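A quick note: this is a predicted structure, and the numbers were derived from the prediction, not measured.
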Amino acid sequence: MSASAPVFILAAPFSGASYLAGQLGCHPQLYALPELCLFMADTVGELLDIFRLSQGPQGDGLLRAVAELHCGGQSNEGIAQARQWLAERRGWRVEQLLAQFAQAVAPRRLVIPDTEAPLRPMDLRRLQRGSPDAQIVHLLRHPWEQGCLLSAWARQRLFVPPDFKDHGWTPQLVDPQIPWLRANRNIESLGTSQVLRIRCEALEQTPQAALREVCGFLQADADDAALAAMQQPEQWPFAGHGPATAPYGLEAEVLDPFAAADLEQAAATTLTEPLPWRPDDTSFAPEIVADARRYGYD
């Protein structure tokens, strides 16, 4: 493993990837970007075409990153320049873009959160092909808490990705246990030894110990100054909303507050009770329960 190899935080949606990126992004030896969704395509041009046709804001994180690193900062003007910067590099492969970002942040080490690629094996294969020496932090969250947060978010959205839905219902039913299972199993299928599996609950309950473990895995300093800096993710350059022309790029849980009732329900974790987002009074599927217990949840 090269000291300059990128670090990917891979997780199911609503598992805390953006929050951990913000923490690591404040470490003096690391530099975290928002979600870039790089591995949805092979080239920058294909990626821009996907973003243009998408019903979601998948391109915002990439625009914010380019604006911050190459276009004078995250302003509406910087975002406009970032669009032009990317358009001029349509022929680049995404691994060239990744190498450009790594060079721009050197000597700090590049960290990229991704909750899109874990849903699709082809995207993960692109990641491995483009960054064979990458280290991966596999971030987990209890499926009940993850499910309650995702379903609360989905209630307020006209468009919800098909990856989040049970297509056996009419109309299709948003069921967060589907992306939870798919993403975590796809990450496990990577089969690399350069993976640290950590639960986001540890980052919340024992942050110093959990962050020290992550730093040890990344061979980054874990002294008092580094740990103190990482516990101020609001200082991360990408914390919060971006400018009006590219406001997103982070998970909703760090951008928009949840209602107190939703947070209370999410905190009451269980693997056996009926799922509050399903109308048929069913609990988790057996494979969800088995995997969650294997990850140390009950």
Side-chain angles (χ1 to χ4, degrees), residues 1-13 15 17-18 20-21 24-25 30-54 56 58-66 69-70 82 85-106 108-140 161-163 179 181-198 214 217-219 249:
M1 184 273 299
S2 167
S4 61
V7 178
F8 290 96
I9 303 169
L10 300 183
S15 294
S18 291
L20 178 56
L24 296 182
L30 305 172
Y31 193 102
L33 296 176
E35 292 211 35
L36 305 180
C37 301
L38 283 184
F39 301 104
M40 300 175 84
D42 291 316
T43 69
V44 172
E46 292 168 348
L47 200 60
L48 295 179
D49 290 341
I50 290 171
F51 293 162
R52 179 173 52 83
L53 297 171
S54 173
Q58 286 98 333
D60 285 12
L62 180 57
L63 288 168
R64 291 178 66 182
V66 172
L69 296 178
H70 297 290
W85 190 95
L86 288 164
E88 292 170 356
R89 291 161 177 79
R90 287 185 62 90
W92 279 21
R93 296 192 63 81
V94 293
E95 51 264 37
Q96 289 178 268
L97 190 58
L98 189 65
Q100 175 66 35
F101 290 155
Q103 182 179 357
V105 306
R108 297 171 73 177
R109 190 174 174 195
L110 193 63
V111 178
I112 301 174
D114 199 326
T115 61
E116 290 273 354
L119 295 170
R120 293 177 284 275
M122 183 176 292
D123 292 15
L124 288 179
R125 285 197 292 272
R126 287 194 186 100
L127 184 156
Q128 279 196 305
R129 187 169 62 245
S131 301
D133 56 348
Q135 284 187 288
I136 292 168
V137 177
H138 178 188
L139 187 62
L140 296 159
D163 307 270
L181 181 68
R182 179 180 299 150
N184 288 314
R185 287 197 171 180
N186 285 342
I187 296 168
E188 286 197 71
S189 74
L190 289 173
T192 174
S193 61
Q194 288 297 321
V195 176
L196 171 68
R197 185 172 298 131
I198 192 164
V214 175
F217 173 68
L218 301 179
Q219 298 180 7

Rounded distance (nearest 0.5 Å) linking atom [atom1] of [X] with atom [atom2] of [Y]:
X	Y	atom1	atom2	result
Q58	C37	CD	SG	5.5 Å
L110	I112	CG	CD1	4.0 Å
L97	L47	CG	CG	8.0 Å
Y31	R108	OH	CZ	7.0 Å
N186	H138	CG	NE2	10.0 Å
Q128	D123	CD	CG	12.5 Å

Answer whether the closest heavy-atom distance between the side chains of [X] and [Y] falls below 4.5 Å.
X	Y	answer
F8	V137	no
R120	R182	no
T43	R90	no
I136	L190	yes
P113	L24	no
F101	L69	yes
Q100	W92	yes

For a quick test of reading the model, state the closest non-hydrogen atom pair linking [X] to [Y] and the distance between them.
X	Y	answer
A11	A17	CB-CB, 4.3 Å
A65	P34	CB-CD, 4.2 Å
P179	L119	CB-CD2, 3.7 Å

Does the pair F217 and Q135 meet the rule for a side chain to side chain contact (heavy atoms under 4.5 Å, CB included), with working shown?
-> CA-CA 9 Å; F217 173 68; Q135 284 187 288; 3.6 Å; yes
Test F39 against D114 for side chain to side chain contact (heavy atoms under 4.5 Å, CB included), laying out the working first.
-> CA-CA 9 Å; F39 301 104; D114 199 326; 4.1 Å; yes
Donor-acceptor contact below 3.5 Å, side chain [X] vs main chain [Y]:
X	Y	result
S54	F51	no
E46	D42	yes
R89	W85	yes
E35	T115	yes
D133	A5	no

Pair S131-E95, side-chain donor/acceptor within less than 3.5 Å | no
Identified side chain to side chain contact (heavy atoms under 4.5 Å, CB included) counterpart of L139 within the set L20, V214, L10 = L20
Side chain to side chain contact (heavy atoms under 4.5 Å, CB included) between L38 and L98, worked out = CA-CA 8 Å; L38 283 184; L98 189 65; 3.9 Å; yes
Could you check L30 against L218 for side chain to side chain contact (heavy atoms under 4.5 Å, CB included), going step by step and ending with a plain yes or no?
-> CA-CA 10 Å; L30 305 172; L218 301 179; 4.1 Å; yes
